Amino acid sequence: MKLFTSVHDVTDINALAAEALQLKQNPYAHQHLGKNKTLGLVFLNPSLRTRMSTQKAALNLGMNVMVLNIDKEGWALELQDGAIMNGGTVEHVREAAAVMGQYVDIIGVRSFPGLKDREEDYSEAIFNKFVQYCGVPVVSLESATRHPLQSLADLVTIQELKKTARPKVVLAWAPHIKALPQAVPNSFAEWMCKADVDFTIAHPEGYELNTDFTDGATITHNLDEALTGADFIYVKNWSAYEPYGKVLPGNEDWMLNNDKLKITNDARVMHCLPVRRNLELSDEILDGPNSVVIHEAGNRVWAAQAVLKQMLEAI
Ligand code: CP
């Protein structure tokens with residue numbers, strides 16, 4: 001594997017998830033692969049889980065790791081082609097990415113959307129410039145439209161905890177005060193549409209996702225109908241795709257609580273984190289026996305390690 005930006009870069013998602021679970025049993029079995037190899041992690045936006053789990057995964061494989069919070073620690077980056085750089089930006093991404101590629105063997109990049117210009121965000125203009133100019137394999141640490149390391153960890157968690165061969169998985173929209181990207185729900189949807197699950201997306205009217213990511217999903221505006229018989233509930237807020245990046249008024253009653261959990265099949269509750277307590281997800285759910293959010297975050301290590309292992313094998 002030379003590129004990990006979406007489910008489309010993976011030949012067999014079940015095999016990749018199985019490899020992640022094998023690595024969980026035997027984390028240090030492949031340290032020879034990473035000897036004298038360096039992973040560079042480049043962040044244009046904040047991160048806790050992705051940063052630490054991907055570093056841990058690389059260390060487990062015997063790699064060295066360099067982290068650059070380029071938004072705070074690098075030169076002010078110019079991202080527009082053809083820019084006359086007589087303003088605040090100091091270095092163009094063409095040089096910055098190419099230079100990074102001289103120092104590392106694999107690069108991870110995090111680049112969030114601006115949520116102002118849908119066409120620009122969905123073209124992945126910034127992320128793709130790193131891919132174009134760095135000259136080494138690239139793993140997405142979350143781009144404008146997708147978060148594939150999170151989605152792989154989510155698939156691993158479902159495979160690990162499922163009690164039936166084909167569980168019912170529900171992606172349930174939840175309230176938030178800020179406009180959040182569609183990257184996590186887009187990505188989760190496209191992975192679940194390829195997984196061995198019955199997949200439903202529940203959201204209020206107006207929060208329809210881009211249909212490129214939801215082909216094969218059952219979509220409903222009725223949360224109770226979606227939750228009935230659910231084995232897994234993936235709780236997540238996202239802003240509207242149309243009007244782009246907007247938070248629509250109302251819908252506070254979409255927050256999951258124990259009453260809603262009663263109509264499920266004792267569902268495990270997932271969330272990618274960070275989560276705003278008692279806005280997006282209630283204390284009683286997060287602190288209750290059905291929450292698997294910490295377990296899910298732990299699986300980020302094995303997901304990242306499976307991807308890095310396949311990249312090291314291809315170098
Ligand atoms: N879920 C996730 O990607 O967390 P961070 O933003 O903290 O990396």
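Both ligands and their constituent atoms are indexed starting at 1 by order of listing. Please read all numbers here as calculations on a predicted model, not as lab measurements.
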Sub-3.5 Å N/O-N/O distance, Thr50 and ligand 1: yes
Heavy atoms only, cut-off 4.0 Å: how does His271 contact ligand 1, side chain, backbone, both, or neither? neither
Could you work out, with salt bridge (charged side-chain N to carboxylate O under 4.0 Å, His left out) as the rule, every residue matching Asp215, not counting sequence neighbours? none
Number the atoms of ligand 1 from 1 as they appear, then name those within less than 4.0 Å of a heavy atom of Arg300, with their elements. 1 (N), 2 (C), 3 (O)
Just let me know how Leu273 lines up against ligand 1, side chain, backbone, both or neither, with a heavy-atom cut-off below 4.0 Å. backbone
Between the side chain of Thr228 and the main-chain N/O of Asp224, is any donor-acceptor distance below 3.5 Å? yes
Any side-chain heavy-atom pair of Met270 and Ile158 under 4.5 Å: yes
Side-chain (His30) to main-chain (Gly62) donor-acceptor, under 3.5 angstrom: no
May I ask you to check whether Cys272 has an N/O atom sitting below 3.5 Å from an N/O atom of ligand 1? yes
Just so I know, are the side chains of Lys236 and His203 near enough to count as touching, which here means a heavy-atom distance under 4.5 Å? no
With a cut-off of 4.0 Å, which atoms of ligand 1 are near a heavy atom of Leu48? 5 (P), 7 (O), 8 (O)
Judged on heavy-atom distance to atom 6 (O) of ligand 1, which of Met52, Arg110, Arg49, Glu142 sits nearest? Arg110
With a sphere of 6.0 Å drawn around CE of Met66, does it hold more than 12 non-hydrogen atoms of other residues, nucleotides or ligands? yes
Within the 4.0 Å heavy-atom shell around His147, which atoms of ligand 1 are there? 2 (C), 3 (O)
